[in-house]
Undergrad: 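I have a structure I would like to understand better, so I am pasting it below and will then ask my questions one at a time.
Residue numbers begin at 1 in each chain, while the letters A, B, ... track the order of the sequences.
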Amino acid sequence: MSVSSPGRLRRSRRLSRLTIAPSGWASSAQSRKNSYKNSERSRASPRQAHRSMNELKPRVRFAPSPTGELHVGGARTALFNWLFACKHQGAFILRFEDTDIERNRPELIEPILESLRWLGLLWDEGPYFQSRRTSLYREWAEKLLKESKAYKCYCTPEELEEKRKAALSTKQKPKYDGRCRSLTSQEEQRFLSGERQPALRLKIPESGTITVEDAIRGKVEFDFAELDDFIILRSDGRPTYNFAVVVDDVTMGITHVIRADEHLNNTPKQILIYQAFGYPVPVFAHVPMVLAKDRSKLSKRHGATAVAEFHDRGVLPEALVNYLARLGWSHGDQEIFSTEELIANFSLEAVHPSAAIFDEEKLFWVNQHYLKTGDPKRLGELVRPLLVKLNIMNEAEAQTVLTERLAQIVVLFRERAKTLVELAEPARYLLTDNFSYESEAVQKFLTPEKIALLHGLAEAFVAVEPFTASNLEQAARAYLESQGKALKEIAQPCRVALTGKTVGTGLFETMELLGKERVINRLRRAGL
RNA sequence: GUCCCCAUCGACUAGUGGCCUAGGUCAUGGCCCUUUCAAGGCCAAAACACGGGUUCGAAUCCCGUUGGGGACGCCA
C-alpha cells in the first residue's frame, strides 16, 4: 500500500479503504508493531479484507516532523487522535513528515517514539516516512501535470524571494504572479535547453471560495483570491508539505485529520489537491494551540516543553495524559480520568475552540493525585533508578534495596511529594548516612538542653522491641514524662537529629523506617 | 499589510435563550486538624473584554470594536 499509482487507487479507493481497515482496537492493540525499521514493509493482512461496508472504521494519524523531541502540544494532538481512534475502534497511524531530508535521522525520531510509548499512545501502523515515498509523490504529481492541473515553473527561488519582498514592502499579500502558468512553447523550449530545473505548481481556480468543514470550528470560508498557484513538487523532485500530506492521507485511507490549529490555513490548499485528484475530503478537526504562560507560543525559553523533560522531573505518564486531555477538552466538572474514562467520554465536539495555557502547577497537582493513589510497589520501582540519578546511592546499592522498602517510602511520603523526584529525595536519609544537616535547623533546635534529652531518649529506645512506631511513641512519652517534658518540646529537635531537616513525615513512623541502629546512633551522635 | 481562528475568575473549564445572585478544579488568602511539613476538612476573594442590535428575557444568537493567537516559503 505504500506505493500505489494514482489511477489504481482511484478506481479502488473504497475497496482500498476497506482492505486497510484494522480488525478492531482490542485485537490490534496486541499486534501493534512499534519498530519503525520494519514498518514500511508492513501490510494489512488479507483476512482484514472481509469487512462489510457499514463497518468502516475511522483512520487517523499523528504526523510530527522529526525534531528530536515530542512537544507537549504535539503530545496533546497525538492524544486526541489516539482517543478518537480508541473510542471508535479505528486505527491510529504514525507518520513522520520528513520531506526535508535533513530531518530523517534516527536521533531525531527515536526520542519521539520513546515519548509516545511512555505515554501509552501506541500506534497501529507505521511509522511511515515521507522521505521513503518520494517516487510515489512524483508519480502522483506527474499525473496532475499530464492532466494540465499542474504546470512547470522555471522561476528561481531568488527571483521569487525578490518578488515576495517587493510585495511585502508595498504592503501587498505576497502571491505568485503565475508567470509560468502560460508559457509559450518557445519560452518553454528555451528553459528546457537551459540549466533551470522546473518546480511543479498546482493550477488553482481564478475565483470563487472554498469552505472547510471543521469538526471543532464549523464552516470556515476561504477566498481563492487569497491563494496562489503553490508548488507541489520542488525542482529537485521532492514534494512540498501540503502535497505530501494529501497523497499520504489519501493512500493511507485517513478519514479524520485531527491536527493543530496552525494548519487551518493550509487546509484550503489541501482540499484543492483532493479536488484535483477527484477524491472526497476527510473530516478536518483543528485543535487549539497550547500556549505558554505569557500567551505566546510555547518554546524552550518557557522552561520545560518536551514530554521527556516532564518524565525526567518525575511526572507520571498517566498524570501527563490526564492533564493534557483536560487542556482544551472537558467532560462536565470531572478532573480526574482513567484512560478508559477518557476513551469512553472523548469527542471532538467537546474540544474547546480557544487556545489554552499550559499550567505546570495544575499538572503537578494531577501528578500528586496519581502519586497518592497509585500502587506503591509500582511507584517504588519507578523511584529506584532515581536513587542513582540523585546520587543517593550507586547502581549496585540501588539494586539491593527491597521493593517493599521502596514501597514503604512511597506510602510514607507521597502526600507531600508532587513528583517522583520529591518522593525519592527522603530516601537519602532513610536509606543512607550520606545526608547533610541543615545548619539553620541544627542551630535552632539542637541546643544543649535538647541534646541531653535526645541522648536520654536514645537510651530509652535501646529496650524497644519490636522497633515499631507505636512502641516508640509509648517509650518516648514515658521517658519524657519522667523528665517532666512534653513531646512537643523535643519533636523538632529529634527530627533534626534524625533527618537533618525540620520537615518530614510523622516522627515515629520515620523512626520505624530508619531502623533501630540508625535511630539510636543518630540520637547519641546529636550535637557532636 | 492581507487572510484565518479565538474571547467566562490569575489558569483549566461548566454553561448551548429563562434553572446564573454564573458552577467545578488548580493557584491564592483565612480557619480547623496537628510533633514539623504536607495531606485532609471548612470558608473567602476572584470572571461573562467593550459597544450596538434580536428577544418578554442574553454569558448564551447577530453585527462592529478592541485584545490575543496563527498563517501568508522550492519549512513542516
Undergrad: Which letter, B, S or -, goes with each nucleotide of nucleotides 19-33 of chain B from 5' to 3', with contact meaning a protein heavy atom under 4.0 Å?
TA: ----BBBSS------
Undergrad: Verify the contact: side-chain N or O of R234(A) to OP1 or OP2 of C75(B), cut-off strictly under 4.0 Å; return yes or no.
TA: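 Result: yes.
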Undergrad: Hey, does I231(A) reach any base, or is it just sugar-phosphate, or nothing, if we go heavy atoms under 4.0 Å?
TA: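 The residue I231(A) makes base contact.
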Undergrad: Under a 3.5 Å cut-off for both contacts, is A7(B) paired Watson-Crick or G-U wobble with anything, and if yes, with which nucleotide?
TA: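 Paired with U66(B).
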Undergrad: Could you tell me how the ring of W329(A) sits relative to the ring of F346(A): parallel (under 30°), tilted (30 to 60°) or perpendicular (over 60°)?
TA: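 Correct class here is tilted.
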Undergrad: P atom, A27(B) versus A39(B): distance in rounded Å?
TA: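 Looking at atom P only, A27(B) and A39(B) are 8 Å apart.
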Undergrad: Select base, sugar-phosphate, or nothing to describe what G328(A) touches, counting heavy atoms under 4.0 Å on all strands.
TA: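 Sugar-phosphate: the residue G328(A), judged by heavy atoms under 4.0 Å, touches backbone atoms but no base.
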Undergrad: Tell me the interatomic distance from I357(A), atom CD1, to C9(B), atom P, rounded to whole angstroms.
TA: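 So the two atoms are 11 Å apart, to the nearest Å.
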Undergrad: Determine the sole option in V250(A), I271(A), V212(A) for which the side-chain contact (heavy atoms from CB on, under 4.5 Å) test with V281(A) is passed.
TA: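 With V281(A) as partner, side-chain contact (heavy atoms from CB on, under 4.5 Å) holds for just one option, I271(A).
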Undergrad: Across the strands shown, which category fits K372(A) at heavy-atom distances under 4.0 angstrom: base, sugar-phosphate, nothing?
TA: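 The answer is sugar-phosphate, as K372(A) gets under 4.0 Å only of primed atoms, P, OP1 or OP2.
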Undergrad: Does A71(B) have OP1 or OP2 sitting under 4.0 Å from an N or O in the side chain of K297(A)?
TA: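 Yes.
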Undergrad: Select one nucleotide: of A39(B), C12(B), C37(B), the one nearest the side-chain heavy atoms of Q368(A).
TA: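 In terms of side-chain proximity for Q368(A), the closest of A39(B), C12(B), C37(B) is A39(B).
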Undergrad: Assign D228(A) to base, sugar-phosphate, or nothing according to its heavy-atom contacts below 4.0 angstrom with the strands shown.
TA: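 Here D228(A) touches no strand at all.
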Undergrad: Assess the pair F461(A) and Y479(A): is the distance between their ring centroids shorter than 6.0 Å?
TA: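 For F461(A) and Y479(A), the ring centres are not under 6.0 Å apart.
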Undergrad: Give a yes or no on whether a donor-acceptor pair under 3.5 Å exists between the nucleobase atoms of C74(B), that is its base, and the side chain of T240(A).
TA: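 Under the 3.5 Å cut-off, the side chain and the base do not form any donor-acceptor pair.
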Undergrad: Distance check, P atoms only: C3(B) and C19(B), in whole angstrom units.
TA: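 Here C3(B) and C19(B) have their P atoms 39 Å from each other.
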Undergrad: Given atom CG of L507(A) and atom P of U34(B), what is their separation to the nearest angstrom?
TA: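 Atom CG in L507(A) sits about 17 Å away from atom P in U34(B).
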Undergrad: Tell me whether the NZ or CZ atom of R495(A) lies within the 45° cone about the ring axis of F445(A) and under 6.0 Å from its centre.
TA: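 No - R495(A) does not lie over the ring of F445(A) by the 6.0 Å and 45° rule.
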Undergrad: Take the protein atom CD1 of I109(A) and the nucleotide atom P of A76(B), then report the distance between them rounded to whole Å.
TA: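 For the pair I109(A) CD1 and A76(B) P, the rounded distance is 14 Å.
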Undergrad: Between F243(A) and Y137(A), what is the ring plane arrangement, given parallel below 30°, perpendicular above 60°, and tilted in between?
TA: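 Rings of F243(A) and Y137(A): perpendicular, as their planes differ by over 60°.
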Undergrad: Distance check needed: G73(B) C1' versus R238(A) CZ, whole Å only.
TA: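 Those two atoms, CZ and C1', are 13 Å apart.
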Undergrad: With a 4.0 Å cut-off on heavy atoms, is R295(A) in touch with a base, just the backbone sugar-phosphate, or nothing at all?
TA: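 If one applies the 4.0 Å heavy-atom cut-off, R295(A) turns out to touch the sugar-phosphate alone, with no base involved.
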Undergrad: Between W329(A) and N242(A), who's closer to the 5' end of RNA chain B by nearest nucleotide?
TA: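 That would be W329(A).
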Undergrad: Please walk me through it: do D223(A) and I210(A) pass side chain to side chain contact (heavy atoms under 4.5 Å, CB included)?
TA: CA-CA 6 Å; D223(A) 200 310; I210(A) 199 158; over 6 Å; no
Undergrad: Report yes if some heavy atom in the side chain of F96(A) is under 4.5 Å from a heavy atom in the side chain of P66(A); otherwise report no.
TA: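 A side-chain contact under 4.5 Å exists here.
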Undergrad: Is there side-chain contact between E425(A) and L390(A), with at least one heavy-atom pair below 4.5 Å?
TA: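 When only atoms from C-beta onward are counted, L390(A) and E425(A) do touch, with a gap below 4.5 Å.
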Undergrad: What's the CZ-P distance between F230(A) and A71(B), to the nearest Å?
TA: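 Result: 18 Å.
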Undergrad: Roughly how many Å apart are U8(B) and C20(B), using the C1' atom of each and rounding to a whole number?
TA: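 It works out to 12 Å between them.
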Undergrad: Given the C1' atoms of A45(B) and A22(B), what is the spacing between them in whole Å?
TA: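 Each nucleotide's C1' atom is 16 Å from the other's.
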Undergrad: How many Å lie between CG on L160(A) and P on C72(B), as a whole number?
TA: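 Spelled out: CG on L160(A) to P on C72(B) is 15 Å.
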Undergrad: What does H263(A) touch in the nucleic acid at a heavy-atom separation under 4.0 angstrom: a base, only the sugar-phosphate, or nothing?
TA: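 The residue H263(A) makes base contact.
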Undergrad: Sticking with atom C1', work out how far G15(B) lies from U60(B), rounded to a whole angstrom.
TA: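 It comes out at 8 Å once rounded to the nearest Å.
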Undergrad: Can you find a pair of side-chain heavy atoms, one from R95(A) and one from D249(A), that are under 4.5 Å apart?
TA: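 Sidechains of D249(A) and R95(A): in contact.
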Undergrad: For L453(A) and U35(B), what is the distance between atoms CG and C1' respectively, to the nearest whole Å?
TA: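 That distance rounds to 14 Å.
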Undergrad: Determine the interatomic distance between P on A14(B) and the same-named atom on A7(B); round to the nearest Å.
TA: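 A14(B) and A7(B) have their P atoms separated by 10 Å.
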Undergrad: Could you pull out the protein-nucleic contacts involving nucleotides 3-5 of chain B (nitrogen or oxygen on both sides, under 3.5 Å)?
TA:
{"unit_1": "C3(B)", "atom_1": "O4'", "unit_2": "E226(A)", "atom_2": "OE1", "d": "3.2"}
{"unit_1": "C5(B)", "atom_1": "O2'", "unit_2": "R217(A)", "atom_2": "NH1", "d": "2.5"}

Undergrad: Which part of the nucleic acid, if any, lies within contact of C155(A), taking any heavy atom under 4.0 Å across all strands shown: a base, the sugar-phosphate backbone alone, or nothing?
TA: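 Base contact.
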Undergrad: Remember a base hit wins even if backbone is also touched, and classify R414(A) as base, sugar-phosphate or nothing at under 4.0 Å, heavy atoms.
TA: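 R414(A): no heavy atom of the nucleic acid under 4.0 Å.
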Undergrad: Check this one for me: any side-chain N or O of T99(A) less than 4.0 Å away from OP1 or OP2 of A76(B)?
TA: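 T99(A) to A76(B) OP1/OP2: side-chain N or O found under 4.0 Å.
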Undergrad: Any Lys/Arg nitrogen of E473(A) or R477(A) sitting under 4.0 Å from an Asp/Glu carboxylate oxygen of the other?
TA: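 Counted as a salt bridge, because a side-chain N and a carboxylate O are separated by less than 4.0 Å.
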Undergrad: Name all pairs fulfilling the salt bridge (Lys or Arg N to Asp or Glu O under 4.0 Å) condition that reach into residues 503-516 of chain A, sequence neighbours left out, sorted by first residue then second.
TA: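 For residues 503-516 of chain A, and leaving out neighbouring residues, the salt bridge (Lys or Arg N to Asp or Glu O under 4.0 Å) pairs sorted by first residue read E465(A)-K516(A).
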Undergrad: Atom NZ of K269(A) and atom P of C74(B): how far apart are they, to the nearest Å?
TA: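 After rounding, the gap between these two atoms is 8 Å.
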Undergrad: Expressed as a whole number of Å, how far does the C1' atom of C62(B) sit from that of U28(B)?
TA: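 Going atom to atom, C1' in each nucleotide, I get 39 Å.
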Undergrad: Using a heavy-atom cut-off of under 4.0 Å over every strand shown, decide if S235(A) touches base, sugar-phosphate, or nothing.
TA: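 The answer is base, as S235(A) lies within the cut-off (heavy atoms under 4.0 Å) of a base atom.
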Undergrad: When the P atoms of G51(B) and C42(B) are considered, how many whole Å apart are they?
TA: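 Between the two P atoms, the distance is 38 Å.
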Undergrad: How are the rings of F284(A) and Y274(A) set to each other: parallel, tilted or perpendicular (split at 30° and 60°)?
TA: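 Ring orientation of F284(A) relative to Y274(A): perpendicular.
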Undergrad: Is there a Watson-Crick or G-U wobble partner for A71(B) with both distances under 3.5 Å, and which nucleotide is it?
TA: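 Paired with U2(B).
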